[in-house]
Amino acid sequence: MYLRSWLSRLCRGLSSPVGRTTPPGWGSLSRNVVLSSHRRIPELSSFVVRTNTCGELCSSHLGQEVTLCGWIQYRRQNIFLVLRDFHGLVQVVIPQDESSASVKKILCEAPLESVVKVSGIVISRPPGQENPKTEALRLQYRYLDLRSFQMQYNLRLRSEMVMKIREYLCNLHGFVDVETPTLFKRTPGGAKEFLVPSREPGKFYSLPQSPQQFKQLLMVGGLDRYFQVARCYRDEGSRPDRQPEFTQIDIEMSFVDQTGIQSLIEGLLQYSWPKDKEPIMIPFPSMTFAEALTTYGTDKPDTRFGMKIVDISDVFRKTEIRFLQDALSKPQGTVKAICVHEGAKYLKRKDIESIRQFATDHFNQEVLPIFLKANRNWNSTVAKFIMEEQRLELARLMETQEEDVVLLTAGEHKKACSLLGKLRLECANLLEMRGVVLRDPKLFSFLWVVNFPLFLPKEENPTELESAHHPFTAPHPSDIHLLYTEPKKVRSQHYDLVLNGSEIGGGSIRIHDAELQRYILATLLKEDVKLLSHLLQALDYGAPPHGGIALGLDRLMCLVAGAPSIRDVIAFPKSFRGHDLMSNAPDSVPPEELKPYHIQVSWPTDSEAEKSSLNQSHHLEN
């Protein structure tokens, strides 16, 4: 974590370790101290001039202005210094601009162990300057890392929220906590599952990616209201917000509709929300999948900031710009744009080049940057092709102001929106690296996304269908007739809960009719119904209408705690490659221990091993 210091607020007096007696000019204290019976974390900055300690800054403080006090421990190339107090360390960026020359001189010439007070904006490390070795060491010596203030806070906060969730569901609303099996059988569709060998030749268990079938069977069994803090498993690459084993708050109800599930979850989160966070307001806003894609370019939009996608196709119907002409001449061809406010002030030439290269490499699309100067002149390579009335209409639609940058692309609707959705987030990252606060870390912006498509074309074979959610999701009542004629147009009763641009929950109303479930599995999805014969038989015996949801506990806690990764809210997480660096799991097993399971290891050739390594490296980069 970096602190970008504002020079005019640097402490006037520097207390040197040798021979200086003049006390620093601390100024007057104006902070209000609020005592709360709910606060369990010691307030280490009450009654003093600092707002935070050096050791407590984390991703939740990004964009905030803070004041720190401490000793200069280290200085490197007059670019940054390390500030230390009783609680930890923080890097302070030394300003390099000419207007701050006097403060730079003080910071660069002050002896080590001098006492300083600095105020500034908390920023993240620039991309590529993260310290992966630090995290590897933390995972290797996790039992020591757990002693840190932040890990103690995160795990205790998690425990408190889970307890409140149990209270709300069991004590207030009559839910039954039921444990479901971990050893199960392979499920068609969905994520890749871990296999567990059995002593029967050629037969394997699967670790469930969720208790989906079991909770539906519990509804058939008349349990009515089920929940579980469930361990789930997916054999996929690890990411900052994903682990091969994870925990979810799993919920299912009988005789419920989508509105009922949403109201339950809103009440649950409001009841369990930490008292030291800003209270959340319910009901949460809702948006259709189509609206989210059109406005934000993604089905999990971060609604804390604007930069919305605008359709400007009508502005360029008579354009002479070739790539816009080509796009608009095709079916579903559109011209879309986002406005980056004050982009000309903060975005550098290399940023624009990187944005254009990203669009070419990942979307095979062209992005046209249009710069607005203070005098409204257009600094663009295609400025001569834009007519005056087009300029005025574009400025009106995009609500442009001085120093804005418009990023424009053209192509098929979904592809153009998806590209601008990625660029929207990238521009936000770039602006925040330079001190612009777009995404308030203290703000929790919840959003329901509804009316997803029931099916998507398979990537490997677009003529075939796969479930957008899972094969047990019920179709929208208004679209059931389309199942037999135009299944690609069918909407589902699937709903996602999004928080600050991350999906923290997903669920649906389920299919409770055996014949409809059999038709979707066998006819539309081409799945082997024998794998699900137990579920189909159960539905035949009379299943109530039911639905549910699963909240990703790790991801939710990561956002609530302001942690940079879900690994910071899990006691013993896996690394990016799914390894336990503390115990060196997974580990090799002697051949004699494999014999009872009738399996043997087939070692990859050198070329296969190299290819696997390259694939893993490519996945980590993405």
Side-chain angles (χ1 to χ4, degrees), residues 154-185 187 193 205-234 243 245-275 280 282 470 472 495-497 499 504-510 512 534-535 538-539 543-558 560-561 566 569-573:
N154 292 349
L155 294 180
R156 293 178 190 278
L157 178 66
R158 178 179 177 131
S159 175
E160 290 173 9
M161 281 197 70
V162 170
M163 182 59 69
K164 297 291 286 185
I165 287 171
R166 290 184 184 277
E167 286 179 9
Y168 182 83
L169 293 174
C170 293
N171 297 349
L172 299 185
H173 293 285
F175 279 76
V176 183
D177 186 352
V178 180
E179 296 176 357
T180 54
T182 298
L183 296 177
F184 193 42
K185 65 182 293 185
T187 303
E193 296 170 332
Y205 296 104
S206 286
L207 300 182
Q209 50 188 296
S210 79
Q212 181 60 47
Q213 294 182 54
F214 290 112
K215 61 183 180 180
Q216 290 192 241
L217 293 170
L218 288 170
M219 297 303 103
V220 177
L223 211 67
D224 194 69
R225 295 185 172 202
Y226 144 91
F227 98 97
Q228 179 185 185
V229 181
R231 296 294 286 169
C232 306
Y233 309 88
R234 291 181 183 176
Q243 286 268 291
E245 52 181 337
F246 55 97
T247 307
Q248 64 186 35
I249 305 297
D250 204 49
I251 294 172
E252 198 81 4
M253 297 175 68
S254 295
F255 307 106
V256 72
D257 59 13
Q258 181 172 310
T259 302
I261 294 290
Q262 291 175 343
S263 297
L264 170 76
I265 296 303
E266 290 168 354
L268 180 149
L269 288 171
Q270 189 177 56
Y271 183 86
S272 61
W273 201 249
K275 301 302 181 183
I280 58 177
I282 59 174
H470 58 56
F472 315 114
Y495 34 84
D496 278 352
L497 182 59
L499 172 58
I504 62 165
S508 66
I509 301 302
R510 324 298 187 189
H512 65 277
H534 56 285
L535 179 63
L539 296 179
H546 57 283
I549 193 170
L551 296 178
L553 181 61
D554 306 315
R555 201 174 294 180
L556 173 63
M557 293 310 309
C558 179
V560 172
I566 62 172
V569 295
I570 301 172
F572 298 100

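Please read all numbers here as calculations on a predicted model, not as lab measurements.
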Distance (rounded to the nearest 0.5 Å) between Ile549 CD1 and Gln262 CD: 8.0 Å
Considering all heavy atoms, the nearest Gln248-Pro211 contact: NE2-CD, 3.7 Å
Nearest heavy-atom neighbours spanning Arg166 and Val229: NH2-CG2, 3.5 Å
Stepwise side-chain contact (heavy atoms from CB on, under 4.5 Å) check, Lys215 with Val178: CA-CA 9 Å; Lys215 61 183 180 180; Val178 180; over 6 Å; no
Side chain Ser263, main chain Thr259, donor-acceptor under 3.5 Å: yes
Heavy-atom closest contact (Glu252 atom, His546 atom, distance): OE2-CD2, 3.2 Å
Between Arg231 and Thr247: side-chain donor-acceptor atoms closer than 3.5 Å: yes
Nearest non-hydrogen partners of Asp250 and Ala550, listed with the distance: OD1-CB, 3.7 Å
Gap separating the CG atom of Leu268 from the CZ atom of Phe175, nearest 0.5 angstrom: 8.5 Å
Smallest separation among heavy atoms of Val569 and Ala561, with atom names: CG1-CB, 4.3 Å
Parallel, tilted or perpendicular, as decided by the 30° and 60° cut-offs, for the rings of Phe184 and His534: perpendicular
Donor-acceptor contact present, side-chain Glu245 to main-chain Tyr233, <3.5 Å: no
Glu167 CD: over 12 foreign heavy atoms closer than 6.0 Å: yes
Ring-ring centroid check Phe472 His470, cutoff 6.0 Å: yes
Side-chain donor-acceptor contact under 3.5 Å, Gln216 with Gln212: yes
Spacing of Ile566 atom CD1 and Leu556 atom CG [to the nearest 0.5 Å]: 12.0 Å
Reported CD1-to-CD1 distance for the pair Ile261 and Ile265, which is rounded to 0.5 angstrom: 7.0 Å
Any donor-acceptor N or O pair under 3.5 Å, side chains Thr187, Gln213: yes
From Asn171 atom CG to Lys164 atom NZ, the distance as rounded to the nearest 0.5 Å: 10.0 Å
Atom OH of Tyr205 with >12 non-hydrogen neighbours under 6.0 angstrom: no
Residue from Leu269, Ile504, Ile280 passing side chain to side chain contact (heavy atoms under 4.5 Å, CB included) with Leu499: Ile504
Flag, side chain of Tyr226 to backbone of Val176, donor-acceptor distance under 3.5 Å: no
Tyr168 side chain reached by Ser272 side chain, heavy atoms, under 4.5 Å: no
Reported CD1-to-CG distance for the pair Ile570 and Leu553, which is rounded to 0.5 angstrom: 9.0 Å
Minimum side-chain heavy-atom gap Pro274-Met161 below 4.5 Å: yes
Smallest separation among heavy atoms of Cys170 and Phe227, with atom names: SG-CE2, 3.2 Å
Tyr271 and Leu169, any side-chain heavy atoms less than 4.5 Å apart: no
